[in-house]
Amino acid sequence: MIRLPYDFNSIEEKWLRKWAENKIFEPKPSGKKFLLTVPWPYCNGALHIGHGRTYTIGDIVARYKRMKGLNVLYPMGFHISGTPILAFSKKIENGDQATISLYRSYLELYGDDPSKVSEFSVPSNIAAYFSERIINDFMNMGFSIDWTRKFTSGEPIYNKFVEWQFRTLQKMKLIKRGDYPLLYSAEEGNPVGEDDILEGDTDKVSIVQYTGVFFYVGKDILLASTLRPETLDGVTNIFLNPEAHYCRVNIKGQSFIVSKRSYEKLKYQRDAEFVEDVDVSDYFHKKAKEPLYSREIPILPAKFVDPDIGTGIDYSVPAHSIWDHVALLDIGEKVDYIRVIELEGKGVDIEEIRKKFGITGLDDREKLSEATKYVYEQEYYHGKIIKGKFSGYNVKDAKDKIIGDMIEMGIAFPVYETSRKAETREGNPVIVAVIKNQWFIDYSIEEWKEKVRDLVETMELRPDNLKNQFLQTVDWIRERPCARRRGLGTELPMEKGWVIESLSDSTIYTVVYTIIPFLRRMKFEEIDDDLFDYIFFGNADLSGKSDVTKREAEGARREFLYWYPVDLRHTSYPHISNHLTFYLFNHVAIFPRNEWPVGISTGGMVISEGQKMSKSKGNVYPLLTIKRKYGADLFRMYLASNADVWYDVDWRTSEVENYLKKLERFYSLLEEARSVEGEPDERDLWLVSRMIDRILKSSASYDAMKIRDATIDLFFNALNDIRELENFAGKVRTLRAVRKFAKEWALSLSPVMPFVSEEIYSMYGGKGFASLQPYPVMENPYKKHEEEWNFVESLVEDFRSITKVSNMKPRRLTISTAEEWKWKLLEESKTRDIRSLMKAADPEQREYLAKLVKRRDFPYHVRDEDAVIKKYADDLSRYLNVEIILSKEPEHAKKSVPGRPAIILE
RNA sequence: GCGGGGGUUGCCGAGCCAGGUUAAAGGUACCAGACUUAAGAUCUGGUUCCGUAGGGAUUCGGGGGUUCAAAUCCCCUCCCCCGCACCA
């Protein structure tokens with residue numbers, strides 16, 4: 001009869017049912033609490049193994065803390081704010097085949113009718129469908145989540161909460177408005193994010209600020225754009241592209257000349273009014289006045305000037321720009337080079353650079369770019385200005401001042417450009433637009449930052465370097481736009497037509513977990529700012545509200561005070577510089593000090609088959625499939641043991657398969673051990689000793705979130721020890737020893753593998769749920785046996801290494817332990833000066849003493865080695881397949897030392 | 001560039017903070033053997049080099065230093081990954 005030893009499917013189903021029936025993960029407020037949160041999932045698709053990691057780590061911690069006697073709340077909600085869901089539903093509505101087939105595959109995965117995909121043209125249906133599936137996925141993974149507290153970022157109660165939050169921030173003057181440059185699509189009429197840009201995730205697009213400098217030609221201003229305004233003193237001429245189209249535009253009453261393409265973009269940055277096209281050739285015989293000293297400089301043609309970058313007009317500084325230099329050579333024009341920047345007393349010789357990079361003409365675009373970068377880096381980081389108002393400054397320090405100065409003088413304004421040419425996924429160009437009256441949360445306020453720094457200093461952060469990363473982020477964080485024109489979420493309470501941006505609406509939402517059941521029982525229309533003020537600050541008057549609302553408000557306040565603050569927030573490291581930092585800022589601003597976050601930990605990502613997950617590589621595995629194929633315990637165990645929490649995990653199917661075998665062995669071993677008769681042999685108690693130590697040690701590992709260490713030791717190393725005993729002492733003796741710690745062993749692994757642990761725990765007659773048992777603590781009365789075994793083990797190792805080199809199959813093993821005088825000298829060497837011992841010693845003793853000096857910490861724990869050898873003689877004899885002889889012959893003992901008897905093979 | 005993290009024995013990956021017990025955990029792969037009709041699974045031994053006695057030599061990106069002793073501490077250098085925002 002073939003019996004499946006380990007049917008994880010039925011085991012998991014059984015315990016899922018029992019946990020749910022007994023509602024064991026729905027804590028009531030009593031005792032010492034532990035609130036653990038992990039960011040809510042964004043529900044626009046099926047979860048894959050990458051998503052599973054953070055929640056798994058969170059759950060392992062939750063389960064461990066629970067076993068340590070804390071009242072653990074591990075809640076979860078769903079994030080639906082922002083644009084992706086909206087974008088997907090729109091694509092489905094528009095019949096986009098790729099999206100439709102993707103969503104059909106999701107439906108199929110979950111066993112639903114793929115033709116239902118058309119329902120996803122309504123965004124809320126996507127959110128509703130996937131949030132339901134995710135609950136199911138999470139339950140299947142064994143996450144000990146309290147689902148009674150779930151909510152979404154799109155539901156009306158939550159909207160009220162976020163409105164309250166924003167009005168509170170506004171009262172504190174932390175919200176302001178201003179103009180702000182954003183990546184934008186003119187054709188689509190929207191700002192665009194990374195996901196909207198073609199290859200935006202792999203080749204990032206950022207906003208670059210050029211300086212548009214005014215050069216006067218009669219009444220017109222040639223608007224030349226530059227990344228190096230510090231070189232303006234060295235301008236020798238203007239370059240226009242003779243083949244490009246230029247036009248005259250009116251900006252605030254001034255007449256500017258820019259390229260036609262530049263105008264198309266510029267009008268999204270400032271009020272620019274098209275006047276007329278101009279003929280570029282009209283300018284080549286004219287002179288322009290540069291704005292600093294009104295020097296007259298020539299306007300020259302150059303084809304390298306790209307009308308689609310900046311303003312399409314370049315002011316030429318040939319002493320510092322390789323492009324300008326080569327362009328002048330190209331058209332054979334001679335001008336007097338003016339050096340503005342020096343490097344350690346001398347300048348960069350631009351002609352030398354040209355030769356060094358082997359540039360022959362304007363067609364060597366790659367070399368030109370390379371040389372430009374080289375010159376720029378040299379001059380920016382090491383250069384000193386030697387001309388003009390800022391003479392004497394380092395370029396690095398002066399650059400921003402120079403820009404500010406020019407803008408103040410009215411001879412320049414910023415012109416924004418994308419860092420590379422980019423288009424949206426729909427094929428439209430990406431430009432930079434200045435959005436007027438954008439709403440911001442002003443994270444730049446210094447007093448606010450200071451409070452956050454103070455908090456960071458006192459928090460429990462893992463890994464340790466998180467502290468530096470946060471402090472760094474706090475330093476550079478500035479105003480953050482907090483509202484967009486489109487997307488799902490909460491409407492900005494201050495102004496219609498804006499939706500609160502999806503990271504800004506999720507900064508203090510963790511507090512809602514503590515009160516949501518109460519909010520749901522209130523009269524919805526009575527939920528207002530006063531109510532939240534009452535719950536969180538206890539300082540609002542609720543006398544006008546109904547009894548039910550008042551009563552629930554009291555309950556909400558009680559639970560808020562009980563559960564908050566969040567003891568640990570765990571998420572992946574990409575959140576450090578955004579979400580987690582906002583999380584800290586907003587808590588600090590809104591809540592009193594004792595409700596501020598206590599701890600944060602960050603974890604790594606998941607890569608798959610050695611590579612980043614991507615659909616094209618075919619290495620994206622849905623969580624559900626993994627669960628069906630391998631079971632949740634295996635998934636969790638793999639994630640826990642493959643990498644430390646803060647490093648990336650590599651999911652490799654071939655390894656996963658091997659882990660499954662190990663898990664099966666673990667299970668069948670414990671199952672067999674249950675029914676074996678008899679007490680453990682005294683000789684085998686070392687295994688019990690090691691196991692007890694492992695379990696004790698694992699507690700410290702879990703505490704430090706060294707989950708991997710705990711798992712490897714408790715699982716792999718333990719299994720290896722058991723196998724060793726099995727080889728040495730046979731199956732029955734091994735099972736007897738295993739039975740001694742089976743229940744505790746299962747419990748110690750319960751945070752990582754909760755299902756199989758429950759099963760084993762109950763199999764061994766455990767009462768209640770393994771998930772709710774205290775983490776095992778055991779006395780170790782068997783330390784002596786372990787030390788004896790270590791001695792035997794090293795004996796076996798020596799035997800092996802000798803048989804290996806000597807290449808023989810010995811029939812007899814003669815063992816001779818160290819002579820008494822060696823032990824005595826060893827003892828004496830601990831208290832007496834080695835030198836005096838040496839003097840008194842004979843040659844043989846000297847030799848031995850020299851060895852002692854070399855190895856100060858002689859590893860011996862067993863004093864009566866003969867007795868131990870006698871005790872294990874039968875085992876050894878069988879195991880090594882030799883006759884064991886314990887010798888007292890002085891000849892044999894020669895090589896022996898305490899802890900390491902001499903052995904002779906024959 | 002700034003900030004963070006890395007480069008370890010075939011591969012993945014511990015160790016490094018608290019230097020010696022480390023040829024260096026664990027996993028995986030590979031080789032040989034046991035079992036088996038066979039394969040798989042399982043188990044045993046091995047996988048830097050030398051060695052017919054438990055030993056020795058060389059090794060932890062590269063170079064230098066501190067020390068009786070360095071993968072571990074210090075300095076220099078090369079290379080890789082991540083974040084630098086409006087994106088969830």
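Numbered from 1 within each chain, the chains take letters A, B, ... in sequence-line order.
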Residues at least two apart in sequence or cross-chain that pass salt bridge (charged side-chain N to carboxylate O under 4.0 Å, His left out) with Lys697(A), listed by chain then number, are Asp713(A)
Kindly indicate whether the side chain of Asn578(A) and the base of rA88(B) share any N or O donor-acceptor pair separated by less than 3.5 Å? yes
Under 4.0 Å between a side-chain N or O of Arg694(A) and OP1 or OP2 of rG26(B)? no
To the nearest 0.5 Å, how far apart are CG in Leu580(A) and CZ in Arg569(A)? 6.5 Å
Go through the steps to decide whether Arg878(A) and Asp875(A) satisfy the test salt bridge (charged side-chain N to carboxylate O under 4.0 Å, His left out), and finish with yes or no. CA-CA 5 Å; Arg878(A) 182 166 16 88; Asp875(A) 283 346; 2.8 Å; yes
Report yes if a side-chain nitrogen or oxygen of Asn720(A) is closer than 4.0 Å to either non-bridging phosphate oxygen (OP1 or OP2) of rG27(B); otherwise report no. yes
rA34(B) - base-pair partner by Watson-Crick or wobble geometry, distances under 3.5 Å: rU42(B)
Could I get a table of every N or O pair under 3.5 Å where one atom is in the protein and the other is in nucleotides 6-12 of chain B?
none

Using modelled atom types only, decide if a donor and an acceptor are shared between the side chain of Gln269(A) and the backbone of Tyr416(A) within a distance under 3.5 Å. yes
Using a cut-off of strictly less than 4.0 Å, decide whether Arg723(A) has a side-chain nitrogen or oxygen near OP1 or OP2 of rU44(B). yes
Using OP1 and OP2 only, check whether a side-chain N or O of Thr83(A) sits under 4.0 Å from rA88(B). yes
For a quick test of reading the model: is some side-chain N or O of Asn468(A) closer than 4.0 Å to OP1 or OP2 of rG5(B)? no
Under the 3.5 angstrom rule, does the side chain of Asp644(A) hit a backbone N or O of Trp646(A) as a donor-acceptor pair? no
Compare side-chain N and O positions of Arg484(A) against OP1 and OP2 of rC87(B) and report whether any pair is under 4.0 Å apart. yes
Find the partner of rU28(B): check Watson-Crick (N1-N3 plus N6-O4 or O6-N4) and G-U wobble (N1-O2, O6-N3) distances, both under 3.5 Å, and reply none if neither fits. rG10(B)
C1' atom, rA88(B) versus rG83(B): distance in rounded Å? 15 Å
Sticking with atom C1', work out how far rG40(B) lies from rG6(B), rounded to a whole angstrom. 39 Å
At under 4.0 Å, does any side-chain N or O of Lys662(A) touch on OP1 or OP2 of rU28(B)? yes
Between Ser816(A) and His892(A), a side-chain donor and acceptor under 3.5 Å: no
Quick one: side chains of residues 38-52 of chain A, donor-acceptor pairs under 3.5 Å with protein atoms, not counting sequence neighbours, listed by atom name and distance.
{"residue": "Tyr42(A)", "atom": "OH", "partner": "Ser81(A)", "partner atom": "O", "Å": "3.3"}
{"residue": "Tyr42(A)", "atom": "OH", "partner": "Ile85(A)", "partner atom": "N", "Å": "3.1"}
{"residue": "His48(A)", "atom": "ND1", "partner": "Gly50(A)", "partner atom": "N", "Å": "2.9"}
{"residue": "His51(A)", "atom": "ND1", "partner": "His48(A)", "partner atom": "N", "Å": "2.9"}

Provide the Watson-Crick or G-U wobble partner of rA70(B), both distances under 3.5 Å; none if there is no partner. none
For atom P, what is the distance between rA23(B) and rU47(B), given to the nearest Å? 14 Å
Short side-chain N/O contact from Ser577(A) to OP1 or OP2 of rC84(B), under 4.0 Å: no
